[in-house]
A.B. asks: 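Sharing a structure with you now.
Heads up: numbering here begins at 1 and tracks the sequence.
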Amino acid sequence: MLKVRFAPSPTGYLHIGGARTALFNWLYAKAKGGKFVLRIEDTDKLRSRQEYVDEIFDSLKWLGFEWDEVYYQSQRFDIYRRQAKRLLDEGKAYLENTPGKGEAVIFKVPAKDIRINDLIRGEIHFDSATIKDQVLIKSDGTPTYNFACVIDDDMTGITHVIRGDDHISNTPKQILMYEALGFKAPYFAHLPLIMGMSGGRLSKRTGATAISDYRRMGYLPEALVNYLLLLSWAPGDNRELIDIKEAISIFDITDVNKTAATFDLQKLNWINSQYIKKQDAEVLADAVIPLLVEKGYIDKDNFDRRYLVSLVELFKERLPTINDFAEWADFFFLEDIEVSRELREEFFKKDLSREFRIFSERLDKLETFDAAGIESAFRNLVEELGLKSKELIHPVRVALTGKTIGPGLFEVIYYLGRERTRERLLKPFTQQK
């Protein structure tokens, strides 16, 4: 059975690069009916922290990458030392003493040509003459990365190693260790790096943010997974949106691109907006409630959920992220809104107090207060006053919302209600001057 693994080091949070590696491993296992193993490489006792382990687990679950098995390297030190002793006994390794620190176990690198048939990059050649003897067990008794990897991959039955191409230099060293131990080497597939828009390595400034941060910033897990898929793979037909179930049915690791992927935050935002559009407003409401509570816009134990769901439905067609709702819809929750000096100077330089008052009176007289009736009242008013719609519609929007863009004005007025609309229409040319 095909078996792959994702092996994060808990010395930091799960970032975009690691999440994509986890995705391609998980996806390949799903596509081929195999197993996805999670291995925590926590041999660095000083830098490994439980909070990072917890965050990695939480982020993988949030993305939907459930694993079949989990291992901790820190619990396997006896196994590594036992295998190192075997290589010592067979004359394939030797001891090296470091004064004041103890003895390290060193692997003798044999002279040979190493060929790797990479599933993404094709055949890669290495000359072992360029590789110096490798430390297997450090003088403090901890295993090195390459040695622990080889033993764990064999003993846990890993058939395919899918990882970033920054590990290519480790692969020939591991191949030699597989052979020395009498293990069958797995297949290798090295994913291209993810670059920033400027062409350099991905950094925090260009997108190398923790997955938990993207979660907090209001991205949907399905959207982020969709975008990660596009970093080095494509579903075909120039499509950019693909359901994960369909991706599982057509994915093969050999179809991954060799060239570096470019992280484009604008593309991620667009994909996220498409998923928000498709998502049920009830589900989106659950996501925005904590944000609104945090800002003090609603009481978590006492708010009108139906009203909130209606507002989410009103905005979801245009939201790049969930968090944008709290910012764009704030005027529905604030008792008093603030209109900036710039907007006052642009939209209230002409005294429209009479027009605003008449419009408010017309709204008060509506028998049926709905978007259609509100629009009809507005259209009739501008016609009677001999105005162009834009001469009144933009100032009214600014007065009611403090913003120049948003959902349809007549829907906004409907959800604000007569009373709040009346109050806000009376202020621009008095208190806000």
A.B. asks: Which atom pair, heavy atoms only, marks the closest approach of P320 to I276?
C.D. replies: O-CD1, 3.8 Å
A.B. asks: For the residue pair Y13 and D213, confirm or rule out a side-chain donor-acceptor distance under 3.5 Å.
C.D. replies: no
A.B. asks: To the nearest 0.5 Å, what is the distance between CH2 (W233) and CZ (R20)?
C.D. replies: 13.5 Å
A.B. asks: Check this for me, if you would: do D324 and R318 make a salt bridge, where the nitrogen-to-carboxylate-oxygen distance has to be below 4.0 angstrom?
C.D. replies: no
A.B. asks: Check whether D252 reaches the backbone of D255 with its side chain - one donor and one acceptor, N or O, closer than 3.5 Å.
C.D. replies: no
A.B. asks: Can you tell me if N226 uses its side chain to pair, donor with acceptor, with the backbone of E240 under 3.5 Å?
C.D. replies: yes
A.B. asks: What closest approach, in Å, do P428 and L425 show between heavy atoms, and which atom pair accounts for it?
C.D. replies: CD-O, 3.4 Å
A.B. asks: My understanding is that only one of F65, F6, F251 makes a ring pair (Phe, Tyr, Trp, His ring centres under 6.0 Å) with W26; could you say which?
C.D. replies: F65
A.B. asks: Tell me the ring-ring contact (aromatic ring centres under 6.0 Å, His included) pairs involving residues 155-179, sequence neighbours left out?
C.D. replies: Y28-H160, Y145-H167, H160-Y187
A.B. asks: I'd like to know if the side chain of D133 reaches the main chain of V109, judged simply by a donor and an acceptor atom lying under 3.5 Å from each other, with no hydrogens or angles considered.
C.D. replies: yes
A.B. asks: Can you see which heavy atom on E55 is nearest to which on A210, and at what distance?
C.D. replies: OE2-CB, 4.5 Å
A.B. asks: Check whether any side-chain heavy atom of F359 lies under 4.5 Å from a side-chain heavy atom of L352, and answer yes or no.
C.D. replies: no
A.B. asks: Is the number of heavy atoms from other residues, nucleotides or ligands within 6.0 Å of CZ (F126) greater than 12?
C.D. replies: yes
A.B. asks: Examine distances only and state if a side-chain atom of N25 and a backbone atom of V4 form a donor-acceptor pair shorter than 3.5 Å.
C.D. replies: no
A.B. asks: For residues 373-383, tabulate all N or O donor-acceptor pairs below 3.5 Å that involve a side-chain atom, not counting sequence neighbours.
C.D. replies:
| residue | atom | partner | partner atom | Å |
| --- | --- | --- | --- | --- |
| E375 | OE2 | R379 | NE | 3.4 |
| E375 | OE2 | R379 | NH2 | 3.3 |
| R379 | NH1 | S389 | OG | 3.1 |
| N380 | ND2 | S376 | O | 3.2 |

A.B. asks: Taking atom CD of E123 as the centre, does the number of heavy atoms from other residues, nucleotides or ligands within less than 6.0 Å exceed 12?
C.D. replies: yes
A.B. asks: Looking only at atom types and distance, does a side-chain atom of E345 sit under 3.5 Å from a main-chain N or O of E342, one as donor and one as acceptor?
C.D. replies: no
A.B. asks: Is any side-chain heavy atom of Q50 less than 4.5 Å from a side-chain heavy atom of P10?
C.D. replies: no
A.B. asks: Where do W328 and K403 come nearest, in terms of heavy atoms and distance?
C.D. replies: O-CE, 3.3 Å
A.B. asks: Show me, pair by pair, the donor-acceptor contacts under 3.5 angstrom made by side chains of residues 150-159, not counting sequence neighbours?
C.D. replies:
| residue | atom | partner | partner atom | Å |
| --- | --- | --- | --- | --- |
| D152 | OD1 | R76 | NE | 2.6 |
| D152 | OD1 | R76 | NH2 | 3.1 |
| D152 | OD1 | Y80 | OH | 3.1 |
| D152 | OD2 | Q73 | NE2 | 2.9 |
| D152 | OD2 | Y80 | OH | 2.7 |
| D153 | OD1 | R5 | NE | 3.0 |
| D153 | OD1 | R39 | NH1 | 2.7 |
| D153 | OD2 | R5 | NH2 | 2.9 |
| T156 | OG1 | D152 | O | 2.5 |
| T159 | OG1 | K3 | N | 2.8 |
| T159 | OG1 | K3 | O | 3.2 |

A.B. asks: Regarding T144 and N146, do their side chains bring together a donor and an acceptor under 3.5 Å, going by distance alone?
C.D. replies: no
A.B. asks: Do the side chain of N272 and the main chain of L220 share a donor and acceptor less than 3.5 angstrom apart?
C.D. replies: yes
A.B. asks: Not counting sequence neighbours, list each pair that qualifies as a ring-ring contact (aromatic ring centres under 6.0 Å, His included) and has a residue in residues 284-304.
C.D. replies: Y297-F333
A.B. asks: Sort and list the pairs that fulfil side chain to side chain donor-acceptor pair (under 3.5 Å) and have at least one residue in residues 299-311, not counting sequence neighbours.
C.D. replies: E282-R305, D286-R305, Y307-R420
A.B. asks: Test of understanding: with ring-ring contact (aromatic ring centres under 6.0 Å, His included), list the residues that count as partners of Y227, not counting sequence neighbours.
C.D. replies: F263
A.B. asks: If the threshold is 4.0 Å, N to carboxylate O, is there a salt bridge linking R362 and D364?
C.D. replies: no
A.B. asks: Within a strict 4.5 Å, meaning less than it, do heavy atoms of the L291 and F325 side chains meet?
C.D. replies: no
A.B. asks: Do other residues, nucleotides or ligands put more than 12 heavy atoms under 6.0 Å from the CD atom of E419?
C.D. replies: no
A.B. asks: Could you tell me the separation between the OG1 atom of T262 and the CG atom of L231, rounded to the nearest 0.5 Å?
C.D. replies: 8.5 Å
A.B. asks: Taking atom types as modelled, find out whether S360 and R424 have a side-chain donor-acceptor pair closer than 3.5 angstrom.
C.D. replies: no
A.B. asks: Look up atom NZ in K32 and atom CD1 in I253, then write down how far apart they are to the nearest 0.5 Å.
C.D. replies: 10.0 Å
A.B. asks: If we only count heavy atoms from C-beta on, is the F147 to Q134 side-chain gap below 4.5 Å?
C.D. replies: no
A.B. asks: Pair K61, D58 - check salt bridge (charged side-chain N to carboxylate O under 4.0 Å, His left out), show working.
C.D. replies: CA-CA 5 Å; K61 288 178 181 177; D58 288 344; 5.4 Å; no
A.B. asks: Are K35 and L2 side-chain neighbours, meaning at least one heavy-atom pair lies under 4.5 Å?
C.D. replies: no
A.B. asks: Is the count of non-hydrogen atoms from other residues, nucleotides or ligands lying under 6.0 Å from K267 atom NZ greater than 12?
C.D. replies: no
A.B. asks: Quick check: closest heavy atoms across K112 and S128, and the distance to 0.1 Å?
C.D. replies: N-OG, 2.7 Å
A.B. asks: Test D127 against T130 for side chain to side chain donor-acceptor pair (under 3.5 Å), laying out the working first.
C.D. replies: CA-CA 6 Å; D127 183 352; T130 64; 6.0 Å; no
A.B. asks: Got a sec: does the NZ of K30 have more than 12 other heavy atoms crowding it under 6.0 Å?
C.D. replies: no
A.B. asks: Keeping the roles fixed (side chain from N323, backbone from R216), state whether a donor-acceptor pair exists under 3.5 Å.
C.D. replies: yes
A.B. asks: Check the surroundings of atom NZ in K277: do more than 12 heavy atoms from other residues, nucleotides or ligands lie under 6.0 Å from it?
C.D. replies: yes
A.B. asks: What closest approach, in Å, do V225 and L23 show between heavy atoms, and which atom pair accounts for it?
C.D. replies: O-CD2, 3.7 Å
A.B. asks: Would you check if the distance from the ring center of F57 to the ring center of W67 is below 6.0 Å?
C.D. replies: yes
A.B. asks: Check for a donor-acceptor pair, side chain of N257 on one end and backbone N or O of T259 on the other, with a separation under 3.5 Å.
C.D. replies: no
A.B. asks: Decide yes or no on side chain to side chain contact (heavy atoms under 4.5 Å, CB included) for T404 and L343, but give the supporting numbers first.
C.D. replies: CA-CA 8 Å; T404 58; L343 292 182; 3.5 Å; yes
A.B. asks: How far apart are the C-alpha atoms of N269 and Y219, what are their side-chain angles, what is the distance that settles it, and do they pass the side chain to side chain donor-acceptor pair (under 3.5 Å) test?
C.D. replies: CA-CA 8 Å; N269 286 342; Y219 291 91; 2.5 Å; yes
A.B. asks: Considering only NZ, NE, NH1 and NH2 on the basic side and carboxylate oxygens on the acidic side, decide whether E346 and K349 come within less than 4.0 Å.
C.D. replies: no
